[in-house]
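Below: the structure, in structure tokens.
Numbered from 1 within each chain, the chains take letters A, B, ... in sequence-line order.
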Protein chains: 2
Amino acid sequence: MIQCEDHGLCISTAMEVADRICTEKRLKFTDLRKDMLRMIWDGHAPQKAYGLLSKLQVKNHSAKPATVYRSLDFLLENGFIHKVKSLNAFVGCSHPSKHDECYFLICDSCKEISECCDSNITSAIKATTKRNQFFVKNTTLEIAGHCNACSKRTE
Amino acid sequence: MIQCEDHGLCISTAMEVADRICTEKRLKFTDLRKDMLRMIWDGHAPQKAYGLLSKLQVKNHSAKPATVYRSLDFLLENGFIHKVKSLNAFVGCSHPSKHDECYFLICDSCKEISECCDSNITSAIKATTKRNQFFVKNTTLEIAGHCNACSKRTE
DNA sequence: GTTTATTTGTTATATTGTAACATCTGGTAT
DNA sequence: ATACCAGATGTTACAATATAACAAATAAAC
């Protein structure tokens with residue numbers, strides 16, 4: 001369970017940060033993209049593309065898969081969200097400006113995901129890839145299990 | 001590019017190990033499952049489910065998606081293969097008996113995958129999850145980039 | 001204001017994965 | 001031997017995820 005006292009704050013912060021970055025980079029933060037990002041930030045659990053599509057269709061009756069995937073691409077490219085590959089789902093990024101080296105703790109029970117950006121893991125990975133003479137472009141680290149709250153609950 | 005002088009040896013070793021484990025655990029290593037494992041070990045690049053289906057249908061005209069996915073489930077459950085989540089593809093495991101803590105180096109260029117089972121990474125992950133009071137069930141670490149051979153080639 | 005590039009709409013389809021039930025096969029108990 | 005049972009495979013149908021290709025709308029740049 002994520003420690004956010006006020007999830008409204010998570011959302012508004014994420015929206016503001018995205019807005020600022022879009023202004024800086026002269027990207028178009030359209031209504032569609034805003035809606036998508038807000039929907040993804042609905043909680044700390046990842047959202048699935050077709051779930052987002054359903055929600056989108058409430059407002060925008062003509063939304064189609066391509067509508068959703070194009071917005072997702074935009075949000076991914078600019079670091080506003082992550083794709084959780086082990087779940088085929090999408091989750092908001094809480095620090096889009098330094099988006100690298102983000103690792104995920106995925107609770108199988110409450111479904112919430114928290115980012116853990118740990119420099120020790122990063123340097124361990126760097127050491128290993130260097131030893132293997134491997135040139136890294138992208139790292140996916142997804143750790144599934146139970147968060148503290150949920151593992152207490154099930155005891 | 002993987003350093004295997006003789007890929008026939010990779011295949012035969014993998015088949016023998018699987019056979020031994022199946023005997024020990026009283027699992028049925030059927031012709032279908034053997035064919036599937038051999039096809040996955042066709043090389044060090046990951047194989048996609050529907051690609052395997054096509055190959056399987058050459059021998060077994062009646063093969064269907066379920067045929068393939070059920071075999072894949074068997075091979076996954078018993079540690080003979082890994083699912084590469086970032087690619088939705090499957091690759092043979094070269095040490096099924098100690099199957100945990102396997103990390104992957106995925107070359108975007110030659111597509112080959114090598115396992116890098118590094119205890120430093122494992123302990124860095126353990127330290128981080130402990131600090132976050134997170135109880136790990138399963139870890140996915142997939143590192144994409146270029147292997148040494150390919151990065152030399154493109155220079 | 002016209003051109004240009006980007007975004008969105010729209011249709012169609014490709015790819016990946018499961019559910020549910022029928023049939024077969026090989027071992028076990030009688 | 002044979003009746004039974006469990007696990008494996010066959011079969012049909014479909015669900016879920018994702019992309020391609022082209023048209024229309026919109027915003028930016030000239």
Side-chain angles (χ1 to χ4, degrees), chain A residues 18-19 21-37 39-40 45-78 80-91 111 140 142, chain B residues 18-19 21-37 39-40 45-78 80-91 111 140 142:
Chain A
D19 203 51
I21 291 174
C22 285
T23 304
E24 280 168 18
K25 295 207 222 161
R26 281 157 231 262
L27 301 168
K28 295 177 191 170
F29 199 28
T30 62
D31 287 346
L32 173 62
R33 290 164 175 178
K34 284 179 185 169
D35 286 345
M36 285 289 296
L37 185 55
M39 289 191 309
I40 291 166
Q47 300 279 342
K48 311 224 77 183
Y50 278 71
L52 292 166
L53 177 56
S54 300
K55 289 185 186 176
L56 193 60
Q57 284 172 329
V58 174
K59 271 185 71 170
N60 179 352
H61 184 67
S62 71
K64 300 280 179 330
T67 318
V68 164
Y69 281 101
R70 276 192 296 227
S71 283
L72 290 173
D73 285 345
F74 171 85
L75 298 171
L76 285 167
E77 273 165 22
N78 296 293
F80 303 145
I81 63 172
H82 295 283
K83 177 164 189 177
V84 184
K85 284 157 191 167
S86 55
L87 300 174
N88 293 324
F90 303 86
V91 70
K111 310 301 175 192
T140 299
E142 298 175 2
Chain B
D19 204 50
I21 292 175
C22 285
T23 305
E24 281 169 16
K25 296 207 220 165
R26 282 157 229 262
L27 300 168
K28 295 179 189 167
F29 199 28
T30 61
D31 287 346
L32 173 61
R33 290 163 176 179
K34 284 179 184 168
D35 286 345
M36 286 288 298
L37 184 56
M39 288 191 309
I40 291 166
Q47 301 277 341
K48 312 223 77 182
Y50 278 71
L52 293 166
L53 177 56
S54 300
K55 290 186 186 173
L56 193 60
Q57 284 172 331
V58 173
K59 271 186 71 170
N60 178 351
H61 184 67
S62 70
K64 300 281 178 332
T67 317
V68 165
Y69 280 101
R70 276 193 295 227
S71 283
L72 290 172
D73 284 345
F74 172 85
L75 298 172
L76 286 167
E77 273 165 21
N78 295 294
F80 303 145
I81 63 173
H82 294 283
K83 176 163 188 178
V84 184
K85 285 158 190 166
S86 55
L87 301 174
N88 293 324
F90 303 86
V91 71
K111 310 300 176 193
T140 300
E142 298 175 2

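Between the CE atom of A:Met36 and the P atom of C:dT8 there is a distance of 11 Å, given to the nearest Å. Remark: P of C:dT6 and CZ of A:Arg70 are 14 Å apart, rounded to the nearest angstrom. As a whole-Å value, the separation of B:Asp73 CG from D:dA8 P is 12 Å. When the P atom of C:dT18 is taken as reference, atom CG of B:Leu72 falls 10 Å away, rounded to whole Å. Taking atom NZ of A:Lys28 as the reference point, atom P of D:dA25 lies 17 Å away to the nearest angstrom. Following rounding to the nearest Å, A:Leu32 (CG) and C:dT6 (P) show an atom-to-atom distance of 18 Å. The nearest whole Å value for the distance from the CZ atom in B:Phe90 to the C1' atom in C:dT15 is 13 Å. At whole-Å resolution of the value, NZ in A:Lys85 and C1' in D:dA18 are 15 Å apart.
Contact between the side-chain N/O atoms of B:Asn60 and the OP1/OP2 oxygens of D:dT9 is not found at any separation under 4.0 Å. Dashed line: the shortest gap from a side-chain N or O of A:Lys83 to OP1 or OP2 of D:dA18 is under 4.0 Å. The side chain of A:Thr30 places an N or O atom within less than 4.0 Å of a non-bridging phosphate oxygen (OP1 or OP2) of C:dT8. For A:Arg26 and D:dA28, the shortest distance from a side-chain N or O to OP1 or OP2 is not below 4.0 Å. Note on B:Asn88: every side-chain N or O is 4.0 Å or more away from OP1 and OP2 of C:dT15.
Here the CE atom belonging to B:Met36 is positioned 9.5 Å from the OH atom belonging to B:Tyr69, to the nearest 0.5 angstrom. Between the NZ atom of A:Lys85 and the CG atom of B:Leu87 there is a distance of 8.5 Å, given to the nearest 0.5 Å. From B:Lys34, atom NZ reaches atom CG of B:Leu75 across 12.5 Å, with rounding to the nearest 0.5 Å. Note that the CG atom of A:Asn78 and the CG atom of A:Leu37 stand 11.0 Å from one another [nearest 0.5 Å]. B:His61 contributes atom NE2, which lies 12.0 Å from atom CG of B:Leu56 (distance to the nearest 0.5 angstrom).
Residue B:Ser62 has its side chain nearest to D:dT11 when only D:dT11, D:dA18, D:dA27 are considered. Looking at the side chain of A:Tyr69, the nearest of the listed nucleotides C:dA19, D:dT19, C:dG17 is D:dT19. Set against D:dA18, C:dT7, D:dT12, the side chain of B:Ala66 has D:dT12 as its closest nucleotide.
When side chains are defined from C-beta on, B:Asn88 counts as touching B:Lys83, because their heavy atoms get closer than 4.5 Å. Contact check for A:Asn60 versus A:Asp35: no side-chain heavy atoms found under the 4.5 Å cut-off.
When the nearest nucleotides of DNA chain D are assigned to B:Pro65 and B:Asp31 by heavy-atom distance, the more 5′-ward of the two goes with B:Asp31. Residue-to-nucleotide proximity on DNA chain C shows that, of B:Ala89 and A:Ser71, the 5′-proximal contact is made by A:Ser71.
Listed by residue number, B:Lys48, B:Tyr50 are the residues of residues 46-54 of chain B with a heavy-atom contact under 4.0 Å to DNA chain C.
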query: Can you check side-chain contact (heavy atoms from CB on, under 4.5 Å) on A:Ile21 and A:Phe80, steps first, answer last?
result: CA-CA 9 Å; A:Ile21 291 174; A:Phe80 303 145; 3.9 Å; yes
